[in-house]
Amino acid sequence: MAERLSVGSLRVINTSDSSSYPPNPVLQVLTVKELNSNPTSGAPKRYRVVLSDSINYAQSMLSTQLNHLVAENKLAKGAFVQLTQFTVNIMKERKILIVLGLDVLTELGFMEKIGNPAGLETVDSLRQQPQPPVNEGSLNQPSAPANYPANTGSFYGNNSPSTAPAPPPMVKRPSGPNPANGYSTIIYPIEGLSPYQNKWTIRARVTNKSDIKHWHNQRGEGKLFSVNLLDESGEIRATGFNDQVDAFYDILHEGQVYYISRCRVNIAKKQFTNVQNEYELMFERDTEIKKAEDQSAVPVARFSFVSLQEVGNVAKDAVIDVIGVLQSIGPVQQITSRATSRGFDKRDITVVDQTGFEMRITLWGKLAIEFSAPEESVLAFKGVKVNDFQGRSLSMLTSSTMSTDPDIQESHLLKGWYDGQGRGQDFAKHSNNASISSVSGRSAERKTIADVQAEHLGMSETPDYFSLKGTIVYIRKKNVSYPACPAPDCNKKIFDQGGSWRCEKCNKEYDAPQYRYIMTIAVGDHTGQLWLNVFDDVGKIIMHKSADELNDYQENDENAFMNCMAEACYMPYIFQCRAKQDNFKGETRVRYTVTSLSQMNWQEESKKLIDYIQGAN
DNA sequence: CCCCCCCC
């Protein structure tokens with residue numbers, strides 16, 4: 001097999017101009033590793049693959065459309081692959097191959113590592129500047145390296161040609177625009193774009209075009225619009241401001257394919273993106289946009305569906321894609337925004353899928369009013385926001401899209417399932433239990449108990465949020481729960497009037513209270529111990545039963561009660577916590593409240609630890 | 001340079 005390898009090709013790619021890249025190098029797969037992305041973000045998995053030519057090895061990232069090869073165990077350790085499309089990005093001083101296309105040479109099977117391949121020099125060592133070793137974990141967030149020269153022009157322009165790679169050629173399309181009019185005939189895949197390359201043209205379909213938005217704030221005012229662009233490799237958002245609105249807004253039409261070149265490539269701000277790309281484009285004065293004569297061969301949509309069941313495990317505020325069968329259509333309603341006191345039209349619909357879950361999705365504005373899809377249509381949503389109202393619900397954003405009965409495999413499968421069995425089925429909701437929650441879409445930062453104390457979390461004006469990996473070491477037996485008003489969302493403590501229970505808030509009498517947890521638990525980790533307050537939704541998870549049931553035990557069956565307490569103790573969890581000052585008998589103290597908790601995911605935790613250990617070296 | 005996306 002060794003003779004099939006493109007021996008020495010990786011060094012050529014690492015050191016030379018893209019025009020000298022070996023066209024279709026054959027390489028051996030040394031390792032395939034899943035990048036530890038946030039499992040609650042809804043984003044697809046990313047794989048890092050180490051490739052060897054037997055003399056050298058190199059890091060690569062697999063474009064997500066190749067993920068299935070990993071899932072099918074075709075692309076695995078020891079396999080041989082032939083790259084058919086790739087580009088080179090620079091992350092943290094090191095070149096990374098971005099593999100956009102490859103063939104697994106299955107006829108060669110899997111083999112032990114051939115030769116004794118060595119690592120390649122970092123970009124900086126090629127520039128005679130010794131650099132510390134690369135932290136592999138950094139691949140997880142390839143935000144453009146802050147420690148990297150911001151002026152990429154100087155990097156590519158002023159250095160010697162041997163260290164200054166020009167953009168790699170990708171697919172040659174003789175039918176593309178003529179270089180004479182300023183375009184390159186070389187079409188780049190969107191996934192290969194990066195701030196370090198500026199001579200490219202993409203051929204992409206506009207899958208979403210915003211209205212023109214005007215803004216004014218302290219920093220100034222202006223107008224903007226943005227489009228989502230899609231090709232077979234990936235998607236990216238492009239935004240035009242002010243003059244570029246005038247120049248390009250009317251040229252770009254949703255659904256059509258364009259050649260686009262000479263944009264600025266910026267780092268996408270993670271919290272604002274709803275397309276899967278590290279970068280985003282900004283139209284500039286000399287940006288060129290030209291409608292493609294051939295509108296075919298560019299995908300119309302790209303989805304990364306999360307099943308309705310899985311929506312329960314996605315963080316609040318994540319932006320995800322879902323597909324489901326339309327089950328019910330609510331009426332158009334008018335609401336008034338609390339923030340702006342403006343009125344909005346909305347409509348709630350419910351969709352179901354073969355995981356047996358239903359999901360409410362809120363549509364807004366014109367789309368809500370004009371919604372006309374018949375019941376039992378398949379609806380595919382791209383870029384909808386996850387809310388945690390009553391468990392889980394979804395809400396469209398202006399950047400979201402909805403397609404009715406899209407001609408994609410998932411849609412046909414869903415239709416088949418619905419006609420076969422789904423129509424008569426009952427569906428589960430994501431109930432109002434505590435679930436993975438987060439502040440602004442991310443999980444709060446992990447702290448040890450020693451960190452929480454040393455950093456004085458909760459002692460400032462605003463609450464602090466953190467997550468904690470710990471074990472329940474004690475549950476206070478006093479005041480485990482209180483008798484609450486059974487009216488939905490009241491939760492007020494009610495009082496036994498002798499035979500009936502009175503709620504002062506509702507001004508009503510009830511036959512029985514509904515007990516709610518207000519537990520105090522001690523949680524320990526390897527650095528200390530902390531008292532945490534737990535309310536009903538989290539209490540139910542810890543105790544595996546309702547506060548009513550536990551209260552019943554406490555009153556009538558001491559043994560059963562003690563057993564429940566014992567079983568709940570010494571369980572490890574990841575606690576999401578809020579630390580907040582309050583006044584108690586004239587003294588200021590910090591109260592720690594568990595806002596939600598999740599079961600230990602040992603695999604994830606192990607990964608975190610490995611990354612932590614590697615980062616420490 | 002926006003980044004709001006609303007309500008129960």
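Bear in mind the structure is a predicted one, so any value in this text is a computation, not a measurement. Every chain is numbered from 1 and lettered A, B, ... according to where its sequence line falls, protein lines coming before strand lines.
Classified by interplanar angle (parallel below 30°, tilted 30° to 60°, perpendicular above 60°), the ring pair Phe575(A)/Tyr573(A) is perpendicular.
Within 4.0 Å of Arg237(A), counting heavy atoms only, lies at least one base atom of the nucleic acid. Among the protein residues, Arg360(A) comes within range of the nucleic acid bases, having at least one heavy atom under 4.0 Å from a base atom. Note on Gln218(A): nothing from the nucleic acid sits closer than 4.0 angstrom, heavy atoms only.
Nearest nucleotide to the side chain of Asn242(A), out of dC4(B), dC8(B), dC1(B): dC1(B). Distance from the side chain of Arg338(A) is smallest for dC8(B) among the nucleotides dC2(B), dC1(B), dC8(B). When distances run from any side-chain atom of Ser395(A) to the nucleotides dC8(B), dC1(B), dC6(B), the shortest one goes to dC6(B). Minimum atom distance to the side chain of Ser337(A) is reached by dC7(B), of the listed dC2(B), dC4(B), dC7(B). Nearest nucleotide to the Phe272(A) side chain, out of dC4(B), dC2(B), dC1(B): dC4(B).
Distance OG1/Thr595(A) to CZ/Arg578(A): 6.5 Å, rounded to 0.5 Å. To the nearest 0.5 Å, atoms CG (Leu532(A)) and OG1 (Thr593(A)) are separated by 8.5 Å.
Geometrically, Lys366(A) does not engage Phe371(A) in a cation-pi contact, judged by NZ or CZ lying under 6.0 Å from the ring centre and within 45° of the ring axis.
Ile361(A) places its CD1 atom 19 Å from the P atom of dC5(B), with the value rounded to the nearest Å. Rounded to whole Å, atom C1' of dC1(B) lies 15 Å from atom NE2 of His214(A). Straight-line distance from the CD atom of Gln334(A) to the P atom of dC8(B): 14 Å, rounded to whole Å. Arg264(A) places its CZ atom 13 Å from the P atom of dC2(B), with the value rounded to the nearest Å. Nucleotide dC1(B) holds its P atom 18 Å from the CZ atom of Arg285(A), rounded to whole Å. Phe241(A) has its CZ atom 5 Å from the C1' atom of dC2(B), to the nearest Å. One atom, CG of Asn266(A), and another, C1' of dC1(B), lie 10 Å apart when rounded to the nearest Å. Taking atom CD1 of residue Ile335(A) and atom C1' of nucleotide dC4(B), one finds them 13 Å apart after rounding to whole Å.
For the OP1/OP2 pair of dC2(B) and a distance below 4.0 Å, the side-chain nitrogens and oxygens of Arg219(A) include at least one atom meeting the criterion. Here Lys269(A) reaches the OP1 or OP2 of dC1(B): one of its side-chain N or O atoms lies under 4.0 Å away. Between dC2(B) and Trp215(A), a contact under 4.0 Å exists linking OP1 or OP2 to a side-chain N or O. Under 4.0 angstrom from either OP1 or OP2 of dC6(B) there lies at least one side-chain N or O belonging to Lys385(A).
Within the 4.5 Å cutoff, the side chain of Asn551(A) has no heavy atoms near those of the Glu549(A) side chain.
Comparing Gln244(A) and Thr336(A) by the nucleotide of DNA chain B whose heavy atom lies nearest to each, the residue mapping closer to the 5' end is Gln244(A).
A centroid separation of 6.0 Å or more is found between the aromatic rings of Phe427(A) and Phe357(A).
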